[in-house]
Participant: 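The structure's right below; bear with me while I get my questions together.
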Amino acid sequence: MTTTTSASTTTTGTATTPTSATTPTSTATDPSAATHTAAAVPATTSATRRATGGAAGPAEVPAARCATAGGAGPSAEPASATGPTGDPATAPGTGISADAPGIPSATPATPTTEAPPATPPVSAAAPAPTGPASATPHDPSTHGFLPERPPVRSMIGTWTRLDAMARAAAVAPDRAAAVALVERAHRAEELSALRQRVSRLSLRNAEAAAMRIAVIAVSCGWCGLDPQAPAAREVADEAFLDLWAAIAHRIDHDQFVALPTLALHNWVPERKPRRHIPIDQLARTEVLVPIVRWAPEGQPLSRLDRLMLAATRLEAHGIWLFRLAETLAGRSPDDSSTPTALRRLVRVQHALRAQLLAEATDLTAAPATPQQRAVLGALAEQGALEPPVLQAAEAVLGIGGRRMGEGRRQLLRRHLPAQHRAWLSAMDRHCAPVRTLAHRGGPDAAVYREAQESLIALRRTYTALVQAAARPAAPPLTAAA
């Protein structure tokens with residue numbers, strides 16, 4: 001039955017109810033109102049409005065509108081006319097069109113997406129999550145495997161101690177000096193204080209802390225350790241291992257001491273751009289500087305610094321490779337667009353190789369210390385210097401510098417976050433039809449083999465860059481008598 005309400009309770013807001021929504025007509029609350037869509041009952045709506053004598057207030061807005069994220073009502077319906085956007089792992093082929101002329105733009109227009117699904121309301125009194133950060137859907141065609149936002153330049157609060165420790169460890173003359181820094185922080189109970197604050201970190205700040213942990217770990221020679229293994233406590237500082245394990249749990253990534261963390265989370269633009277631009281364009285067009293320098297302040301960047309920045313710029317330039325990978329995913333080898341996409345993949349890989357060759361001149365001329373070469377050697381020994389963009393190309397074409405078994409492939413991918421590993425595994429499956437061109441003849445198979453050869457050349461160029469960074473510095477030339 002309809003209950004008549006006083007005017008004082010119905011004029012508390014100015015919002016009006018859409019004609020397709022219903023106004024509650026009973027004082028009893030329906031517990032399922034938040035889970036059902038609004039049904040159109042014109043007779044009940046008009047009767048209720050006559051009884052209440054005014055427009056519906058905020059309390060009368062249907063629960064179905066409140067349950068939709070952002071309050072999306074009927075105006076959100078046209079957004080889904082183009083179809084929902086799929087995750088790369090489950091809906092391949094959603095990248096760029098292979099019929100578009102030229103290399104695709106690095107900053108495509110944002111596709112129209114449907115309203116996100118309803119999420120249950122979170123109580124203000126509910127405690128903050130202390131477990132690992134939940135993985136959000138990741139679309140590498142947007143910015144590759146670069147972080148969504150520029151890395152944190154400086155940490156605040158108690159975490160400034162970790163910032164200072166990482167900077168000091170990076171410029172330590174040898175491993176013993178770096179280990180002494182960690183032990184000194186242990187005695188001052190700084191590491192335990194940081195350990196207690198890990199759960200309060202946002203995901204972005206936790207990734208920033210992980211980069212600094214990685215710098216300290218490789219400086220001390222601990223990059224191959226598992227922080228939770230009992231044997232690690234016989235080698236490394238126990239309090240530091242506890243902090244390391246807590247950070248790994250917070251970002252849900254155990255093997256983060258590798259190039260993807262040391263490079264992709266250790267850069268900032270030298271000057272702040274005047275306007276917001278996509279992160280891949282920012283890393284391509286701006287002059288980059290490391291957050292934690294391997295060379296002392298006031299001195300030129302070292303080879304290790306330049307190698308990490310080169311890997312970051314390689315990822316930024318490789319955004320087209322990720323988009324072409326999604327274009328090829330799920331395509332038949334007989335599709336007319338497949339050879340077109342493969343030709344563009346060849347051009348992209350040639351451009352990436354030219355980018356690395358341009359980096360080689362400055363890197364070779366940069367200074368290097370024995371400690372920095374020891375860091376590079378330890379990372380290379382663990383297989384932790386593999387750029388993610390090369391792993392993406394290998395997932396599409398199935399070959400790198402040499403044929404790798406499944407175990408070797410997973411060994412290299414363990415240094416990537418879980419969502420990135422899942423995307424690569426999906427590309428392995430969805431690009432399998434394209435890889436059958438390796439056993440065929442004809443012009444399409446020739447284009448595929450050209451793409452494989454360009455990837456091999458790209459890998460060799462990167463390997464040569466790493467070897468140049470690890471080479472001992474040339475002694476200064478003496479003046480002729």
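Values reported hereafter were calculated over all heavy atoms of this structure, with side chains retained and with hydrogens, waters and symmetry mates removed.
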Participant: With a 4.5 Å cut-off on side-chain heavy atoms, are L345 and H350 touching?
Facilitator: no
Participant: I'd like to know whether N266 forms a side chain to side chain contact (heavy atoms under 4.5 Å, CB included) with L309, so could you lay out the CA-CA distance, the side-chain angles of the two residues, the decisive distance to 0.1 Å, and finally the verdict.
Facilitator: CA-CA 8 Å; N266 189 21; L309 293 178; over 6 Å; no
Participant: Starting at CZ of F240, measure out to SG of C220 and round the result to the nearest 0.5 Å.
Facilitator: 6.5 Å
Participant: Within the distance-only criterion (no hydrogens, no angle test), does the side chain of S302 pair as donor or acceptor with the backbone N or O of A368 below 3.5 angstrom?
Facilitator: no
Participant: Just verifying a value: how many Å separate R200 CZ and T158 OG1, rounded to the nearest 0.5 Å?
Facilitator: 8.0 Å
Participant: Between E315 and V389, what is the shortest heavy-atom contact and its length?
Facilitator: OE2-N, 2.8 Å
Participant: Under the side chain to side chain contact (heavy atoms under 4.5 Å, CB included) rule, what do I216 and R167 come out as? Steps first, then yes or no, please.
Facilitator: CA-CA 9 Å; I216 297 171; R167 296 175 192 274; over 6 Å; no
Participant: Write down the atom of C223, the atom of V218, and the distance for their closest heavy-atom approach.
Facilitator: CB-CG1, 3.5 Å
Participant: Return yes if some donor-acceptor pair links the side-chain N/O of E286 with the main-chain N/O of P273 below 3.5 Å, else return no.
Facilitator: no
Participant: For residues V171 and T369, determine if any side-chain heavy atom of one lies less than 4.5 Å from a side-chain heavy atom of the other.
Facilitator: no
Participant: Looking at every heavy atom in both V268 and P151, which two are closest together, and how far apart are they?
Facilitator: CG1-O, 3.9 Å
Participant: Would the distance check show the side chain of R435 and the main-chain N or O of D428 forming a donor-acceptor pair, the cut-off being under 3.5 Å?
Facilitator: yes
Participant: On a heavy-atom basis, which atom in V396 and which in C431 lie closest, and how many Å separate them?
Facilitator: O-CB, 3.8 Å
Participant: Below 4.5 Å, heavy atoms only, C-beta onward: do I213 and L162 meet side chain to side chain?
Facilitator: yes
Participant: Would you say that P333 contacts P433 through its side chain, given a criterion of any heavy-atom pair below 4.5 Å between the two side chains?
Facilitator: yes
Participant: Can you tell if the side chain of H265 reaches within under 4.5 Å of the side chain of P147, non-hydrogen atoms only?
Facilitator: yes
Participant: Is D163 salt-bridged to R153, cutoff N-O under 4.0 Å?
Facilitator: no
Participant: Check step by step if side chain to side chain donor-acceptor pair (under 3.5 Å) holds for D335 and T338.
Facilitator: CA-CA 6 Å; D335 195 317; T338 298; 4.9 Å; no
Participant: Kindly say whether A210 contributes a backbone atom to a donor-acceptor pair with the side chain of R250 at under 3.5 angstrom?
Facilitator: no
Participant: If I compare all heavy atoms of R414 with all of R421, which pair ends up nearest, and what's the gap?
Facilitator: O-NH1, 4.0 Å
Participant: Report yes or no: does Y448 contribute a side-chain atom to a donor-acceptor pair with the main-chain N or O of P339 at less than 3.5 Å?
Facilitator: no
Participant: Tell me whether R212 contacts the main-chain N or O of A166 through its side chain, where contact means a donor paired with an acceptor under 3.5 Å.
Facilitator: no
Participant: Which is it for E326 and W423 under the side chain to side chain donor-acceptor pair (under 3.5 Å) test, yes or no, and what are the steps along the way?
Facilitator: CA-CA 10 Å; E326 293 197 352; W423 186 86; 3.2 Å; yes
Participant: With the threshold set at 4.0 Å, does a side-chain nitrogen-carboxylate oxygen contact exist between R313 and D280?
Facilitator: no
Participant: In Å, rounded to the nearest 0.5 Å, how long is the span from CZ of F145 to NE2 of H420?
Facilitator: 5.0 Å
Participant: Assess whether a salt bridge exists between E359 and R306, defined as any Lys/Arg side-chain N lying under 4.0 Å from an Asp/Glu carboxylate O.
Facilitator: no
Participant: When E207 is tested against each of I251, T261, I247, L201 for side-chain contact (heavy atoms from CB on, under 4.5 Å), which residue passes?
Facilitator: I251
Participant: Tell me, do L376 and L385 make a side-chain contact under 4.5 Å, heavy atoms counted?
Facilitator: yes
Participant: How long is the span from the OG1 atom in T160 to the CE atom in M165, to the nearest 0.5 Å?
Facilitator: 10.0 Å
Participant: What's the spacing between L390 CG and L458 CG if we round to 0.5 Å?
Facilitator: 5.0 Å
Participant: Taking L416's backbone N and O only, do any of them form a donor-acceptor pair with H253's side chain (distance below 3.5 Å, no angle check)?
Facilitator: yes
Participant: Determine whether R331 and S337 satisfy the following criterion, side chain to side chain donor-acceptor pair (under 3.5 Å), listing intermediate values before the conclusion.
Facilitator: CA-CA 8 Å; R331 293 293 177 94; S337 63; 2.2 Å; yes
Participant: Taking the side chain as everything from C-beta on, heavy atoms only, tell me whether D237 gets closer than 4.5 Å to V179.
Facilitator: no
Participant: Considering only heavy atoms from C-beta outward, does the side chain of Q372 approach that of R303 to under 4.5 Å?
Facilitator: no
Participant: Does L352 form a side chain to side chain contact (heavy atoms under 4.5 Å, CB included) with L321? I'd like the steps, not just the answer.
Facilitator: CA-CA 10 Å; L352 295 181; L321 193 148; 4.2 Å; yes
Participant: Given side chain to side chain contact (heavy atoms under 4.5 Å, CB included), test L301 with D362 step by step and report yes or no.
Facilitator: CA-CA 10 Å; L301 294 178; D362 292 337; over 6 Å; no
Participant: Is the side chain of R233 donor-acceptor paired with the backbone N or O of A229 at a distance under 3.5 Å, no angle test?
Facilitator: no
Participant: Using modelled atom types and a 3.5 Å cut-off, is there a donor and acceptor pairing between side-chain atoms of T436 and backbone atoms of A432?
Facilitator: no
Participant: Minimum heavy-atom separation for A209 and W159, please, with both atom names.
Facilitator: CB-CZ3, 4.2 Å
Participant: Look at the rings of F256 and W244 and say which category their plane angle falls in: under 30° parallel, 30 to 60° tilted, over 60° perpendicular.
Facilitator: perpendicular
Participant: Between E189 and R195, does any side-chain N to carboxylate O distance fall below 4.0 Å?
Facilitator: no
Participant: Roughly how far, to the nearest 0.5 Å, is the CG atom of L424 from the CZ atom of R413?
Facilitator: 4.5 Å
